[in-house]
Colleague: 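Let me give you the structure first, and then I'll get to my questions.
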Amino acid sequence: MKKICVFAGSNLGNEPIYAEAAAQLGRELARRELELVYGGSKIGLMGCTAKAVLESGGRAIGVMPRGLFRGEMIHEGLSEFYEVADMHERKAKMAELSDAFIALPGGYGTFEELFEVVSWSQLGIHQKPVGILNVNGYYTPLLQMVTQAISSGFMPSTHADLIISHTDASELVEKLAAYHRPVLTNKWNEL
C-alpha cells in the first residue's frame, strides 16, 4: 500500500475534533510514507488533511474537475495536481491512483464517494480496502444502516466486512494495511 485516497468534507464541521482527526490522519499518512490522494481543495477537512501531510514532509496528490471550483479553493502546494473533465473522471482518477480508501466525515459528496468504492468492491471491480474514520461517532448511524440492510435481507452478512471502521487514524491505517478481502457470499447465487 503506497497511496491512500481520502474522501472528506469541504467543511470543517461544528466540532474541533473533526479537523483534529483530519490532521491526525494526514500526519499518520506522512509518518508511514503513504501518499495522500484527495479532491485537491485547501478548504474543509480535505484541506486539513492535505496541510498536515505536506507539513509532515509527505506527498499530497489532488484531483479536481475543471471549472467546478473557484481557483482560490485549489491547494497550491500539492506534490501533484490533476485537472479532469468532471466528477466522474475525478472519482475514476482517484481510484486509479489509490491502493486504499478512507472516508472522513463529510456530506453527500463524501457519502457518494464512499458508497461508490464499496459498491465497486462488492462487484469485484477492485480489491482495495475501504475504511471509515469514525470520528466522534459520526459514521455510527451509517454502520447501523448497513446492519439494517443485512438484517432486512438486502445484503449478505459477509458484505459488511467490505467496510473497515475505527475511531483512531493509526489503528485504521494498520487495519487497511492488513486487509484481506472477505470471501463474499450471495444468497442469490443459490437460486
Side-chain angles (χ1 to χ4, degrees), residues 1 4-29 34 36-39 41 44-49 52 87-88 90-91 94-95 98-191:
M1 193 169 67
I4 296 184
C5 179
V6 175
F7 305 128
S10 58
N11 293 302
L12 293 173
N14 58 10
E15 298 288 335
I17 192 169
Y18 299 122
E20 292 165 11
Q24 179 192 11
L25 176 60
R27 289 189 295 272
E28 185 64 23
L29 295 179
L34 297 169
L36 168 68
V37 176
Y38 84 115
S41 179
L45 296 186
M46 286 193 282
C48 288
T49 306
M87 291 297 284
H88 295 292
R90 176 195 221 178
K91 292 182 296 181
M94 290 192 307
S98 302
D99 303 309
F101 306 92
I102 293 176
L104 283 167
Y108 284 136
T110 303
F111 298 155
E112 189 267 336
E113 290 167 329
L114 169 64
F115 276 118
E116 184 167 72
V117 295
V118 172
S119 295
W120 289 353
S121 180
Q122 180 183 29
L123 294 170
I125 294 171
H126 72 76
Q127 309 288 316
K128 302 170 185 180
V130 178
I132 289 174
L133 189 56
N134 194 11
V135 181
N136 202 28
Y138 184 79
Y139 279 113
T140 299
L142 184 142
L143 296 169
Q144 291 169 337
M145 188 174 80
V146 170
T147 301
Q148 178 68 26
I150 292 166
S151 67
S152 297
F154 289 100
M155 193 165 60
S157 61
T158 54
H159 294 215
D161 296 333
L162 293 173
I163 298 175
I164 300 164
S165 176
H166 209 285
T167 58
D168 178 77
S170 179
E171 292 293 326
L172 179 59
V173 173
E174 198 65 40
K175 283 183 155 192
L176 294 176
Y179 176 79
H180 295 286
R181 190 172 193 279
V183 175
L184 301 181
T185 59
N186 188 336
K187 69 180 182 182
W188 297 277
N189 289 343
E190 300 168 7
L191 297 177

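Numbering starts at 1 and runs along the sequence shown.
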Colleague: Start with the C-alpha gap between Gln144 and Thr140, add the side-chain angles, then the distance that decides, and say whether side chain to side chain contact (heavy atoms under 4.5 Å, CB included) holds.
Modeller: CA-CA 6 Å; Gln144 291 169 337; Thr140 299; 3.8 Å; yes

Colleague: Search all heavy atoms of Met94 against all heavy atoms of Cys5 and return the closest pair with its distance.
Modeller: CB-SG, 3.9 Å

Colleague: Closest approach of Tyr18 and Gly13, non-hydrogen atoms and distance?
Modeller: CD1-CA, 4.2 Å

Colleague: Would you say Ser119's side chain and Phe115's backbone share a donor-acceptor pair under 3.5 angstrom?
Modeller: yes

Colleague: Check step by step if side chain to side chain contact (heavy atoms under 4.5 Å, CB included) holds for Leu114 and Leu142.
Modeller: CA-CA 11 Å; Leu114 169 64; Leu142 184 142; 4.3 Å; yes

Colleague: Closest approach of Ile164 and Pro129, non-hydrogen atoms and distance?
Modeller: CD1-CB, 4.2 Å

Colleague: I'd like to check the salt bridge (Lys or Arg N to Asp or Glu O under 4.0 Å) partners of Lys91; sequence neighbours left out, ordered by chain and number.
Modeller: Glu112, Glu116

Colleague: With no hydrogens and no angle check, is any side-chain donor or acceptor of His159 less than 3.5 Å from a backbone partner on Gln122?
Modeller: no

Colleague: Rounded to the nearest 0.5 Å, what separates atom CG in Asn136 from atom CD1 in Ile17?
Modeller: 4.5 Å

Colleague: How close do Ser41 and Met46 get, heavy atom to heavy atom, and via which atoms?
Modeller: CB-CE, 3.6 Å

Colleague: Quick one: does Asn134's side chain have a donor or acceptor within less than 3.5 Å of a partner on Tyr138's backbone?
Modeller: yes

Colleague: So how far is it from Ile163 CD1 to Leu143 CG, rounded to the nearest 0.5 Å?
Modeller: 6.5 Å

Colleague: Can you list every ring-ring contact (aromatic ring centres under 6.0 Å, His included) pair that touches residues 162-181, not counting sequence neighbours?
Modeller: none

Colleague: Considering non-hydrogen atoms only, spot the tightest contact between Leu172 and Gly131 and give its length.
Modeller: CD1-CA, 4.1 Å

Colleague: Show the nearest heavy-atom pair for residues Leu162 and Ser121, with the distance to one decimal.
Modeller: CD2-OG, 3.3 Å

Colleague: Rounded to the nearest 0.5 Å, what separates atom CD in Gln127 from atom CG in Asp99?
Modeller: 13.0 Å

Colleague: Check for a donor-acceptor pair, side chain of Tyr139 on one end and backbone N or O of Leu104 on the other, with a separation under 3.5 Å.
Modeller: yes

Colleague: Please check: side-chain N/O of Lys128 versus main-chain N/O of Ala95, any donor-acceptor pairing under 3.5 Å?
Modeller: yes

Colleague: Show me the pairs that pass salt bridge (Lys or Arg N to Asp or Glu O under 4.0 Å) and involve residues 169-184, at least two apart or across chains.
Modeller: Arg32-Glu174

Colleague: Test Leu133 against Val6 for side chain to side chain contact (heavy atoms under 4.5 Å, CB included), laying out the working first.
Modeller: CA-CA 10 Å; Leu133 189 56; Val6 175; over 6 Å; no

Colleague: Within this structure, what is the CE-CE distance for the pair Met155 and Met145, rounded to the nearest 0.5 Å?
Modeller: 8.5 Å

Colleague: Apply side chain to side chain contact (heavy atoms under 4.5 Å, CB included) to Val173 and Leu25, showing your working.
Modeller: CA-CA 9 Å; Val173 173; Leu25 176 60; 4.1 Å; yes

Colleague: Supply the atom-to-atom distance Ile102 CD1 to Thr49 OG1, rounded to the nearest 0.5 angstrom.
Modeller: 9.5 Å

Colleague: Working to the nearest 0.5 angstrom, can you tell me the gap between Gln24 CD and Cys48 SG?
Modeller: 13.0 Å

Colleague: Do the ring planes of Phe101 and Phe7 sit parallel (below 30°), tilted (30 to 60°) or perpendicular (above 60°)?
Modeller: parallel

